[in-house]
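Counting starts at 1 for both ligands and their atoms, following the listed order. All figures in this text were calculated on a predicted structure; none of them were measured in a lab.
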Amino acid sequence: MKGKKIIIGISGSIAAYKIPMLVRLLLKKGAEVKIVMTPSAATFVSPLVLSTLTKHPVLIELSSNETWANHVALGRWADLMLIAPASCNTIAKMANGICDNLLLAVYLSATCPVMVAPAMDEDMWNHASLQNNLLQLKSYQNIVLDTEHGELASGLIGFGRMLEIEKLVTEIDSFFNVKQRLKNKKALVTAGPTYENLDPVRYIGNYSTGKMGIAIAETLANEGCEVVLVLGPTSLTTPHANIKTIQVRSAEEMLNACTTHFAETDIAVMSAAVADYTPTTLSTSKIKKKDEEFTIQLKKTTDILKQLGSIKSKNQVLIGFALENKNEKSYALKKLEEKNADAIVLNSLNDEGAGFAYDTNKITIFEKNGIETNYELKSKPEVAKDIVEKIIKLCQ
Ligand code: CTP
């Protein structure tokens, strides 16, 4: 980080009180730091403390008396702009190009990469508008950091806490030391559920959201990998520049997309919750209600992971998932063997906070060589990082 120029944009959130400590750590690592703030941020943290630490004036207004803050020069000065804490309001304005304060003017004129560290209460964090705005920021190639689970200013416990200062320093460190360890590699990732049509208005589906698989695709892409994401029906998307998304609906469509792309793939991660069975016949007209009981005949779908395992070459790394609620380890090992995968990521339904409906996951990875690695309960983006670290080792 030595010699790197960083602008920190502070917006109005209680987490702003942590920024002087962040500044100290960045200065210690040899970075030069300048601060811009929204007017409301100044009520949470003292500009005087920050100007004393950084040895630069803290800028809040676009102009004051006869001086004008040159936001264009500031935006061009930095190697990185970090918006921390990024409040719900500032994120919404950034997503929509609103420019009613100096921080936003610097953001809009910044020619350097921008990293965003959100901070807010859980209900705001979960609101669809905020999540859409974050997607919008990602589509501008801003680096959007996760939030942490913990105690919030409201007294509630949940997601929305700004990442701890030490973690922010790690993120900034790894930004400046981007290793792009998977540059020149291609990956195929499946994510989300599949829907098996019964008639024109009904289908058999499952509760998968695709969150885990999308996080894996994004983490691979951040390492420089070119990713094809085969995504079942879900409201989630990812606008990452290194990810090409192919939207599919049924297990058969997912299989076809995977077999088309597998030959050119170095890494395949099968995280989709694929239907194991599909209706034997598809009714072309709506099925009418008749008898007291009704039976649907189902036939097995092709197991995509197993199919790819049967044709994979020794240079291809193939990762599968196992979602179990009993005899977890023995079922996971059985899948590892039978599907010829290089590793199986086990989620146990017995672990609290793990599975489809959660933002968190707790995994164990079983490798073909007998190594078993257990991980703590983490947010899905953090779990994705653990999985990708393992993949990088398997690629060596
Ligand atoms: N899988 C697949 N194609 C299918 C079914 C599953 O590629 N038709 C993959 C999943 O993406 C996952 C792995 O197989 O990586 C294990 O899926 P899971 O549903 O846990 O296990 P199954 O093998 O389907 O067995 P069971 O449902 O009996 O546990």
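We find that E148 and K167 are joined by a salt bridge, their nearest charged nitrogen and carboxylate oxygen being less than 4.0 Å apart.
Of all the heavy atoms in L74 and I7, the pair that sits closest is O-CD1, 3.1 Å.
Cation-pi geometry between R249 and Y203 is met: the NZ or CZ atom falls under 6.0 Å from the ring centre, inside 45° of the normal.
Under the side-chain hydrogen bond (donor to acceptor under 3.5 Å, both in side chains) criterion, the residue pairs touching residues 111-124 are D121-S154, with sequence neighbours excluded.
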Tabulated below should be the N or O atoms of ligand 1 paired with protein N or O atoms at under 3.5 Å; can you produce that?
{"residue": "ligand 1", "atom": "3 (N)", "partner": "I304", "partner atom": "N", "Å": "2.9"}
{"residue": "ligand 1", "atom": "7 (O)", "partner": "I304", "partner atom": "N", "Å": "3.3"}
{"residue": "ligand 1", "atom": "7 (O)", "partner": "L305", "partner atom": "N", "Å": "2.8"}
{"residue": "ligand 1", "atom": "8 (N)", "partner": "T301", "partner atom": "OG1", "Å": "3.3"}
{"residue": "ligand 1", "atom": "8 (N)", "partner": "T302", "partner atom": "O", "Å": "3.1"}
{"residue": "ligand 1", "atom": "11 (O)", "partner": "M270", "partner atom": "O", "Å": "3.2"}
{"residue": "ligand 1", "atom": "11 (O)", "partner": "A272", "partner atom": "O", "Å": "2.8"}
{"residue": "ligand 1", "atom": "14 (O)", "partner": "K339", "partner atom": "NZ", "Å": "2.9"}
{"residue": "ligand 1", "atom": "15 (O)", "partner": "M270", "partner atom": "O", "Å": "2.6"}
{"residue": "ligand 1", "atom": "15 (O)", "partner": "F321", "partner atom": "N", "Å": "2.8"}
{"residue": "ligand 1", "atom": "15 (O)", "partner": "F321", "partner atom": "O", "Å": "3.4"}
{"residue": "ligand 1", "atom": "20 (O)", "partner": "L323", "partner atom": "N", "Å": "3.3"}
{"residue": "ligand 1", "atom": "20 (O)", "partner": "K335", "partner atom": "NZ", "Å": "2.9"}
{"residue": "ligand 1", "atom": "21 (O)", "partner": "K335", "partner atom": "NZ", "Å": "2.8"}
{"residue": "ligand 1", "atom": "23 (O)", "partner": "K339", "partner atom": "NZ", "Å": "2.5"}
{"residue": "ligand 1", "atom": "24 (O)", "partner": "D276", "partner atom": "OD1", "Å": "2.9"}
{"residue": "ligand 1", "atom": "24 (O)", "partner": "D276", "partner atom": "OD2", "Å": "3.2"}
{"residue": "ligand 1", "atom": "27 (O)", "partner": "D276", "partner atom": "OD2", "Å": "3.0"}
{"residue": "ligand 1", "atom": "29 (O)", "partner": "K335", "partner atom": "NZ", "Å": "2.9"}

Take H240 and Q141 through the side-chain hydrogen bond (donor to acceptor under 3.5 Å, both in side chains) test and state the conclusion after the steps. CA-CA 7 Å; H240 200 294; Q141 308 311 319; 5.1 Å; no
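N347 pairs with exactly one of T364, N325, N361 by the side chain to side chain donor-acceptor pair (under 3.5 Å) rule, that one being N361.
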